[in-house]
Amino acid sequence: MEQRTKPKPNIPKWSRWLAAVCLAAAAFAVLKNIAYPLLWNDEGETAMFAERVLDYGYPKVSDGKNVVYYLELKDKMAGRRTPDGAYLGSGWGHFYWGTIGALAARAADGVAGARGADLYLKTALLRLPFALAGLAAILLAIIAVAPLLMGGNSGGAGGSPARIWLFAAAVFAWQSLSVSWALHMREMRYYALVCLLLSWLLYLTVRRHTGRMRAGRYAVLTTAALVLLLVTFPPAMAGAAGALGLTEVVLFVRKRDIRKALAGIVPLAAAGAAGIVYAGVFRSLRIAAGFAELFPRTPARTREAVVKIFAFFRDYESLWVIAAALGLGSVVAGVSWIRARRGGRLAPGTAREHGGLLLMSRADRGLVGLSVLVAVYILIHAAVFIMASFPFPFERYFIWLQPAAGLVLWLNLFALGGTLKTLPDKWARRGARAALAGGFILLATLTAGERVPVLRARVYELFHRYIGPVDYVVGFIRRQYPDTSRLVVATNYEEGVLQYYLGSRVIIGFVGNNLKEDMKLTPDVIVGRKRSAYTNRNILELMERARYKQKTIWIHDTIINNIPEVMPGFNSHRYRTERTDNERWALKILYK
């Protein structure tokens with residue numbers, strides 16, 4: 001009997017080329033000039049603990065030469081098991097991921113010889129695994145929703161494959177326009193890993209509810225994803241578990257299927273048990289109490305967090321466009337569901353007019369339903385963040401909500417576009433598409449906020465190398481001293497960065513968690529940064545102990561080498577190297 005082969009779908013080449021171009025644009029936004037500047041404070045912590053993982057197998061606070069411990073708590077032992085033992089102040093996921101870049105940087109040093117590899121090459125190697133994880137997170141999210149774009153069933157029928165490529169192009173293009181996302185993804189920090197793990201959870205959720213994954217496999221893989229999220233950044237796990245739990249409740253109320261519900265409940269129960277163990281091992285309650293004492297949660301601080309999240313999405317991520325797409329998509333999907341229930345189901349990929357209203361197909365309603373789930377996750381994570389005692393509402397604590405919001409936008413727009421596509425009249429389809437696209441473009445233009453000037457500044461930075469004060473400090477010390485590993489360097493900020501690049505013994509630091517021992521030493525080099533720190537008076541005291549030469553570098557001594565924060569403030573991102581002729585703000589290095 002002759003076996004019939006299924007014809008391959010005809011996918012327009014231009015759709016694939018468009019997706020490739022948009023992917024390249026997003027990659028360019030993240031990877032261009034990834035080596036510049038050198039690491040900043042938080043990245044220095046990750047780099048040093050990655051080194052400790054390579055040397056000891058776990059993030060050790062002290063190696064006998066340097067102490068890596070940044071917690072700003074009165075209880076100096078809250079985040080460590082012993083004075084030189086394991087660090088417990090955060091999850092360890094990004095420290096272990098950071099070993100990939102740390103190993104590559106060590107290999108580069110080995111090839112280069114005695115003086116080691118170029119510092120900017122090493123910096124690029126350290127950041128690259130995180131940047132690739134951030135880009136992979138967007139790609140995985142697109143793969144996750146592909147079954148819904150194709151029709152939502154296990155056979156994948158009902159949609160054109162070109163739709164997936166167009167969706168990929170839209171999402172990657174959207175990400176390339178987010179300056180904050182690009183800056184955070186290139187950091188040697190946990191942000192990109194959280195994005196990747198959340199995309200994994202999205203992938204598993206869609207596969208389960210489209211009949212593409214068995215319950216047992218889903219339970220095991222979801223448990224693994226939640227636990228990895230827990231040991232990387234616990235608040236993100238809490239938000240994800242909350243959204244998944246709410247989804248299971250809704251599905252159980254609708255279908256009353258206890259067996260299917262168990263497949264969703266088991267991972268949440270396992271993650272909850274892991275959370276209890278984590279809280280005990282990592283002293284989460286003790287650390288949270290310390291932060292609550294140092295930075296008490298007040299109504300004013302709560303309002304600050306709410307306003308920060310709202311203003312971020314309003315000014316930089318087109319909040320009103322996303323809200324309009326979600327609202328319109330939900331209304332059309334809701335009306336379509338009600339009328340479909342009354343008049344019979346719609347075939348996948350089709351629509352019809354019923355009572356003068358265009359109805360959305362079941363497949364496209366699935367896209368809207370997923371967007372609602374993602375929006376619920378955004379709200380739950382925002383609530384977790386607002387209720388937690390974070391010292392300040394930095395963007396890095398919720399940056400993974402940005403690609404989630406982008407998914408909400410494009411899932412709804414593609415659902416609406418799919419509905420309009422089925423209009424019987426060609427000119428009606430064209431007019432409806434033009435009206436939909438024009439309306440959202442106009443809304444995006446009118447509500448652009450601060451996105452345009454920030455994009456303009458970022459474009460400048462992509463084609464010009466930003467150099468920060470730490471770059472000049474490290475460069476000067478390396479030129480002045482042939483063997484920096486024998487030096488004792490005192491500084492009041494970004495001590496981990498100097499520890500990594502110089503191999504010196506670096507004392508005092510921002511918080512001063514080892515002051516008793518550090519103040520017994522007389523440093524060879526003193527780098528007193530111009531910022532408010534807990535240890536400024538200690539730096540001033542050390543300056544009086546010996547006679548030092550002074551090197552003045554006419555670079556603005558910004559309080560942070562650089563930071564991915566795009567919203568305006570005293571510590572927001574710098575896009576240009578800032579020089580100064582004012583001695584008050586110039587960078588000064590004391591050396592023997």
Side-chain angles (χ1 to χ4, degrees), residues 40-53 55-92 94-95 189-190 231 233-235 278-297 301 388-392 394 397 488-500 504-523 526-529 531-542 545 559-560:
W40 73 285
N41 184 70
D42 290 17
E43 290 182 292
E45 180 193 63
T46 307
M48 285 304 297
F49 278 134
E51 289 286 310
R52 299 286 168 83
V53 170
D55 292 335
Y56 302 99
Y58 66 96
K60 199 170 187 287
V61 170
S62 175
D63 63 352
K65 181 177 183 179
N66 279 310
V67 172
V68 183
Y69 189 76
Y70 288 11
L71 283 186
E72 306 173 40
L73 301 179
K74 295 178 181 178
D75 182 358
K76 301 301 182 184
M77 288 299 298
R80 44 184 167 178
R81 187 65 59 188
T82 62
D84 61 349
Y87 179 65
L88 307 175
S90 71
W92 291 359
H94 54 303
F95 302 147
R189 209 60 181 151
Y190 53 83
V231 299
F233 190 68
Y278 177 94
V281 173
F282 282 79
R283 300 181 176 177
S284 300
L285 296 180
R286 183 175 172 181
I287 291 173
F291 275 115
E293 179 185 2
L294 198 61
F295 304 99
R297 191 174 71 236
R301 194 176 292 277
S389 295
F390 286 102
F392 302 101
F394 292 121
Y397 299 136
V488 175
V489 180
T491 189
N492 58 336
Y493 194 59
E494 296 182 315
E495 62 270 24
V497 182
L498 300 185
Q499 290 168 356
Y500 179 78
S504 308
R505 178 169 185 176
V506 183
I507 62 174
I508 307 302
F510 175 60
V511 181
N513 283 306
N514 198 44
L515 276 180
K516 185 176 179 181
E517 296 299 319
D518 289 350
M519 291 303 291
K520 297 176 181 178
L521 303 173
T522 300
I526 300 178
V527 184
R529 300 285 297 283
R531 65 162 294 138
S532 175
Y534 297 93
T535 56
N536 285 355
R537 60 182 181 84
N538 303 100
I539 293 292
L540 293 173
E541 181 181 335
L542 291 177
R545 289 192 180 179
I559 62 174
I560 295 173

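Computed from a prediction, not measured in an experiment: that's the story for all the values here. Throughout, numbering of the chain's residues begins at 1 and tracks the sequence.
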Polar side-chain atom of Tyr190 near backbone of Gly91 as donor-acceptor pair, under 3.5 Å | no

Sequence-distant partners of Leu540, side chain to side chain contact (heavy atoms under 4.5 Å, CB included), two or more places apart | Met543

Considering residues at least two apart in sequence or located in another chain, which fulfil the side-chain hydrogen bond (donor to acceptor under 3.5 Å, both in side chains) criterion with Asn41?
-> none

Does any N or O in the side chain of Arg81 come within less than 3.5 Å of the main-chain N or O of Val281, such that one atom is a donor and the other an acceptor?
-> yes

Would you please classify the geometry between the Phe295 ring and the Phe291 ring as parallel, tilted or perpendicular, with 30° and 60° separating the classes?
-> parallel

Are any side-chain N or O atoms of Glu43 and backbone N or O atoms of Trp40, one a donor and one an acceptor, separated by less than 3.5 Å?
-> yes

So, the side chain of Thr82 versus the backbone of Gly85: is there a donor-acceptor pair under 3.5 Å, distance only?
-> yes

Are any side-chain N or O atoms of Arg301 and backbone N or O atoms of Pro296, one a donor and one an acceptor, separated by less than 3.5 Å?
-> yes

Does Asn492 reach the main-chain N or O of Gly512 with its side chain, forming a donor-acceptor pair under 3.5 Å?
-> no

Nearest heavy atoms of Asp63 and Tyr56, plus distance in Å | CB-OH, 3.3 Å

Can you name the residues that form a side-chain hydrogen bond (donor to acceptor under 3.5 Å, both in side chains) with Ser504, not counting sequence neighbours?
-> none

Closest heavy-atom pair and its distance - Ile507, Leu521 = CG2-CD1, 3.9 Å

Does Glu541 come within less than 4.0 Å of Arg537, counting only side-chain N to carboxylate O?
-> no

Contacts of Tyr493 that satisfy ring-ring contact (aromatic ring centres under 6.0 Å, His included) - sequence neighbours left out = Phe510

Separation of Met77 CE from Asn513 CG (nearest 0.5 Å) | 10.5 Å

Does the Arg283 side chain pair with the main chain of Gly89, one donor and one acceptor, at a distance under 3.5 Å?
-> no

Shortest non-hydrogen contact between Gly79 and Tyr69, atoms and distance | N-OH, 2.9 Å

Name all residues meeting the side-chain hydrogen bond (donor to acceptor under 3.5 Å, both in side chains) criterion together with Tyr534; count only those two or more places apart in sequence or in a different chain, and write none if there are none.
-> Glu72

In chain order, what residues pass the ring-ring contact (aromatic ring centres under 6.0 Å, His included) check against Phe282, with sequence neighbours excluded?
-> Trp92, Tyr278

